[in-house]
Amino acid sequence: MPRLRFAPSPTGFLHIGSARTYVFNWLYARRHRGAMILRIDDTDVDRNTQASLESIFEGLRWLELEWDELYHQSQRLHLHRQLAQALLERGVAYRDFTPPSAQPEEKAHGAGPWLFNPGMRELSREESDRRAAAGEPFVLRFRVPRDPPRILRFRDLVYGEQEKSTADIEDFALLRSDGTPTYHLASCTDDIDMKITHIVRGQDHLTNTFKHILIFEAAGAPLPEFAHLPLLVAPDGSKLSKRRHGAVVSVTTYRDAGFLPHAFVNFLCLLGWSPKDNREVMTRQELIEAFSFEGINRSNAVVNFREDDPFDPKAVWLNAQHLRTMPVRELAPYVRRTLEQAGVPIPYDEERFLTVIDVIRTRYSMLTDFVTRGRAYFSEDYPITPEAQQKLDEPGARQLLHELADRLEASPEFTEASVERDLRQLAAERGVKAGLIINAARAILTGQTVGPSAFTVFVTLGRERVLERLRRA
RNA sequence: GGCGCUAUCGUCUAAGGGUUAGGACGGAGCCCUCUCAAGGCUCAAAUACGGGUUCGAAUCCCGUUAGCGCUACCA
């Protein structure tokens, strides 16, 4: 059974790129009936924050992609140290007593890459033990094979055959001088211990993978499959960052803007992945069934936002598609929650509520549209736009609306057909175009000049509210 | 600097030796129409550049350029 993991470090809010990584992991896990593991990689105590941790859970819960197991790396430090100790004992790791941050600028223009600190690889075990026992601080480094170097290879599920010489890999740190594990050590230790079968992560880890292979080998553990994902970038090709690009990179921004979690997931999937059959609007189940690493492409994907419009037009379009086509019964709870949060009343029983949603959702693209553009369908307290005001101010319009109210009240029925008949008859008798009354009616009934068919609006609102509003005109 | 990855319409992508290089979003237009959407139809829009291999290259190879990643006691 496949075991996948998503391992965010709680050093910032949940990033849209991280969310996509989670989605791909989840999709593969579900597709192959595997386990989805959420592991909080909180080994960098200086940068971890509680707010960030909460943002991750909040964001992931909103996506509605549940995980099966949860771990905190900080509670597993003993395992990391255990492996570090074993590697030291076996001689594949060594202590480096060089003080930190000696020459930061020398590296910048240096001719070759830094590989290790001189003298430290050759320290005898006795001297190393003695200095450590004396309390001298050290970092534990991996002794990367050098004489002769080795060619490391693996087959990435997305990027294909990869190889790199150990001559180009520095003796990376395993343990910091305060004894805490670095990312490489902690991550590999846990991946081994949790029996992770597929490591699916950002392409920024592609070259790190060689270090990880070294650790896996040294630990005597079988290699998992690796699949690296192209990165999400800003329109100028730079990587997405909160500082430069603001709220667009945070998943809570999409939630607050009225995206359906499901549509957002759909959008994320389309960034760097394709089912290759031209399908785009897909349900969760369709995504699960269609997902495979072969469909992932290898170049970075641009999230197409702008200063004045923070959302990728395709994301908005996808949201509209889902909003309009998903079973109305599934949509209703989201609409209800959105209205409740905005303090808008819902004067309907469940069935009527569904009908109203079904009528108005055909022109909406965001959940928030229900509280803004759809306000008049729920509340008596709705604004009249200037355009709508104009329709009402047409000569004779108000008088006609009042007359219409009387006729509708007297009419034996109140259906789309009957309302249309009554209205058109009134227009004919008064010698005006039906459009005049229709547009004025929509204006007073909804506060807007745009929306569903006016006759549908009449019936949707119900006779009582219609009469009251027409007479108020 | 070293090592690695990538390059198809503005954006997301399909085509992986033979297609008028396909679809979608966005844009323009037409139809429909009580408005606005939706829907239908149409248009504009791409293989980074230079070499090679081949009867034939977006596709394979080399180079250039550009972007990105790694090169930390961050992850």
Side-chain angles (χ1 to χ4, degrees), chain A residues 7-9 11-12 41-44 46-47 96 98-101 104 107-115 137-141 156 159 162-165 167-170 172-184 186-187 201-211 228 230-231 233 235-239 267 270-281 295 297-305 312-318 320 324 362-365 373 387-388 391 420 423-424 433-443 446 448-455 457:
Chain A
S9 61
T11 55
D41 277 7
D42 51 356
T43 53
D44 185 6
D46 293 339
R47 292 169 64 218
D96 179 349
T98 311
S101 68
K107 207 191 296 179
H109 341 261
W114 173 89
L115 291 175
F138 63 87
V139 292
L140 189 74
R141 291 189 184 282
D156 189 88
Y159 286 90
Q162 302 292 317
E163 62 170 63
K164 186 167 184 145
S165 167
D168 294 317
I169 301 174
E170 78 285 1
F172 53 94
L174 262 14
L175 245 31
R176 304 189 185 96
S177 52
D178 64 1
T180 60
T182 61
Y183 161 74
H184 300 301
S187 177
R201 70 228 307 190
Q203 192 240 44
D204 47 344
H205 285 299
L206 189 60
T207 47
N208 283 334
T209 303
F210 295 101
K211 296 173 189 167
H228 288 87
L231 268 18
V233 297
D236 67 356
S238 65
K239 83 176 200 189
F267 170 65
L270 261 21
L271 255 20
W273 172 81
S274 154
K276 295 191 187 289
D277 57 8
N278 284 344
R279 276 187 300 165
E280 295 201 309
V281 182
N297 108 346
R298 286 170 288 278
S299 51
N300 292 348
V302 171
V303 180
N304 197 16
F305 60 84
D312 190 315
K314 193 128 188 187
V316 174
W317 176 78
L318 276 168
R324 293 168 192 180
T362 56
R363 2 228 122 190
Y364 295 169
S365 55
R373 301 206 270 154
E387 298 78 31
K391 298 287 183 192
E420 176 158 12
L423 187 148
R424 288 195 188 278
K433 291 209 293 194
L436 174 72
I437 309 180
I438 289 172
N439 290 330
R442 185 177 11 250
T446 68
Q448 291 163 37
T449 56
V450 304
S453 154
F455 306 115
V457 172

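These numbers come from a predicted model, not from an experiment.
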**Q** Please state the C1' separation for the pair B:C5 and B:C25 - nearest whole angstrom.
**A** 28 Å
**Q** Output the rounded distance in Å from NZ (A:Lys239) to P (B:G67).
**A** 16 Å
**Q** Just to be sure I understand the rule, does A:Pro230 reach a base, reach only the sugar-phosphate, or reach nothing, if contact means heavy atoms closer than 4.0 Å?
**A** nothing
**Q** Within the 4.0 Å heavy-atom criterion, would you say A:Phe455 contacts the bases, only the backbone, or no part of the nucleic acid?
**A** base
**Q** Once you apply a heavy-atom cut-off of 4.0 Å, does A:Val139 come out as touching a base, just sugar-phosphate, or nothing?
**A** base
**Q** Sticking with atom C1', work out how far B:G18 lies from B:U13, rounded to a whole angstrom.
**A** 23 Å
**Q** Consider the side chain of A:Ser274, meaning its heavy atoms from C-beta on, and name the nucleotide among B:C73, B:A24, B:A14 that approaches it most closely.
**A** B:A14
**Q** Indicate whether OP1 or OP2 belonging to B:C36 is found under 4.0 Å from a side-chain N or O atom of A:Arg442.
**A** no
**Q** Report the base-pairing partner of B:C55 (Watson-Crick or G-U wobble, both distances below 3.5 angstrom), or none.
**A** B:G18
**Q** Looking only at side chains, do A:Thr182 and A:Arg141 share a donor and an acceptor under 3.5 Å apart?
**A** no
**Q** Between P on B:G26 and CG on A:Leu318, what's the gap in Å once rounded to a whole number?
**A** 10 Å
**Q** Looking at B:A75, B:C73, B:U6, which one has an atom nearest to any side-chain atom of A:Ser299?
**A** B:U6
**Q** Nearest of B:C73, B:G2, B:U11 to any side-chain atom of A:Thr182?
**A** B:C73
**Q** Ignoring the backbone of A:Thr43, work out which of B:C68, B:A75, B:C5 is nearest its side chain.
**A** B:A75
**Q** Which part of the nucleic acid does A:Asn278 contact within heavy-atom distance under 4.0 Å: base, sugar-phosphate only, or nothing?
**A** base
**Q** Could you check whether A:Glu280 gets within reach of a base, just the sugar-phosphate, or nothing at all, counting any heavy atom under 4.0 Å?
**A** base
**Q** Can you find a donor-acceptor N/O pair under 3.5 angstrom joining the side chain of A:Thr449 to the base of B:C36?
**A** no
**Q** Closest to the A:Lys276 side chain: B:G69, B:A15, B:A24?
**A** B:A15
**Q** Report the nucleotide, chosen from B:C12, B:A75, B:U71, that has the shortest atom-to-atom distance to any side-chain atom of A:Lys211.
**A** B:U71
**Q** If you look at every strand shown and take non-hydrogen atoms under 4.0 Å, does A:Asn208 touch a base, only sugar-phosphate, or nothing?
**A** base
**Q** Take atom C1' in B:U64 and the same atom in B:G29, then report the distance between them in whole Å.
**A** 42 Å
**Q** Report which part of the nucleic acid A:Gly202 touches: base, sugar-phosphate, or nothing (heavy-atom distance under 4.0 Å, all strands).
**A** nothing
